[in-house]
There are 2 protein chains.
Amino acid sequence: MVKYADADLDRTFAALADPTRRALLTRLEKEDSLSVSELARPFPVSLPAIMKHLDVLSDAGLITRAKTGRTVACRLNAGPMEEAMNWLARYERFWSASLDRLARFVEETGEEDR
Amino acid sequence: MVKYADADLDRTFAALADPTRRALLTRLEKEDSLSVSELARPFPVSLPAIMKHLDVLSDAGLITRAKTGRTVACRLNAGPMEEAMNWLARYERFWSASLDRLARFVEETGEEDR
DNA sequence: CTGATACTTAACTTTATGGTTAAGTATGCC
DNA sequence: GGCATACTTAACCATAAAGTTAAGTATCAG
């Protein structure tokens with residue numbers, strides 16, 4: 001039996017499985033840095049609920065938080081998404097033959113491009 | 001309202017958040033078609049537990065099941081992964097500038113390549 | 001010092017997840 | 001028919017997830 005130590009992927013995919021959390025990430029993709037209350041404002045749930053979502057995102061390494069005075073600035077940290085994307089990329093050939101050829105192009109070109 | 005079509009994404013990411021389910025998908029990526037008991041064999045959990053995982057994968061549209069006689073053939077259906085990957089692709093620029101350029105190349109080239 | 005602002009923590013409820021064992025159904029084989 | 005194989009369903013359990021309200025802490029503005 002093969003034991004996988006990819007708890008990171010578990011956390012990343014689990015964090016992405018909630019629409020509120022994806023919306024939070026989407027906002028941080030556009031805004032670069034937002035406070036907790038700015039992030040919470042558009043959502044119809046309580047602030048503690050948003051806090052919990054931010055904890056989940058933080059545990060998954062998808063955001064970072066930095067306190068300055070009484071406000072907490074949240075920033076996107078997309079790093080873990082790359083791992084998730086790499087996992088998915090193995091399946092690309094099943095939905096697209098042309099993208100499969102392109103994946104090989106990426107692998108070959110990516111090396112010399114670094 | 002704006003979004004409720006992303007229940008599909010919810011299910012896809014949630015299905016991918018479990019290591020056993022990812023391992024099941026990985027096996028189906030290599031084997032094309034496997035019966036329930038063949039799929040279950042390598043895992044240290046009971047058959048009903050595997051059944052539940054297959055139900056989750058099925059609900060997410062990531063596998064299809066076809067019964068022939070008393071055996072059930074499971075096949076990968078990667079379609080929903082494409083949606084997940086597209087969602088993630090928006091964040092590529094945060095971890096890789098060169099992959100961002102390549103993403104544009106995909107968009108431009110993908111069209112005429114179809 | 002006071003009060004408002006910006007979180008944070010605590011306690012609790014409800015529902016979902018991931019597992020179990022045990023029993024049930026359907027098919028294939030002698 | 002009778003029995004093994006291949007799932008399937010049922011009932012149950014423990015823990016985690018996602019939300020609530022209420023109360024607590026820390027900082028800035030006056």
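First the proteins, then the strands, lettered A, B, ... as listed; each starts at 1.
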Counted 5' to 3', the first and last nucleotides of DNA chain D within 4.0 Å (strictly under) of a heavy-atom of chain A are D:dA18 to D:dC28
Tell me, do A:Leu34 and A:Arg75 make a side-chain contact under 4.5 Å, heavy atoms counted?
-> no
Intermediate values then yes/no, side-chain hydrogen bond (donor to acceptor under 3.5 Å, both in side chains), B:Glu29 and B:Thr26 | CA-CA 5 Å; B:Glu29 185 235 335; B:Thr26 299; 5.5 Å; no
When rounded to whole Å, the CD to P distance for the pair A:Glu38 and C:dA6 reads 9 Å
Reckon A:Arg65 touches a base, only the sugar-phosphate, or nothing at all at heavy-atom distances under 4.0 Å?
-> nothing
Ignoring hydrogens and angles, tell me if any N or O in the side chain of B:Glu38 forms a donor-acceptor pair with the backbone of B:Ser35 under 3.5 Å.
-> yes
Between B:Arg70 and B:Lys52, whichever has its closest DNA chain D nucleotide further toward 5' is B:Arg70
Nearest-Å distance for atom pair CG/C1', residues B:Leu57 and C:dG18 | 13 Å
Validation row: A:Asp6, B:Arg22 side chains within 4.5 angstrom (heavy atoms) = yes
What nucleic acid atoms does B:Ser46 come within less than 4.0 Å of, heavy atoms only: base, sugar-phosphate, or nothing?
-> base
For residues 40-55 of chain A, the side-chain hydrogen bond (donor to acceptor under 3.5 Å, both in side chains) pairs (sequence neighbours left out) are A:Arg21-A:His53, A:Asp55-A:Arg65
Euclidean distance, atom CE of residue B:Met51 to atom C1' of C:dT25 [Å, nearest integer] = 12 Å
For A:His53 and for B:Lys67, find the nucleotide of DNA chain D with the closest heavy atom, then tell me which residue's nucleotide is more 5'.
-> B:Lys67
Atom CZ of A:Arg41 and atom C1' of C:dA6 are separated, to the nearest Å, by 11 Å
Heavy-atom check, side chain of B:Leu16 versus side chain of B:Leu25, under 4.5 Å = yes
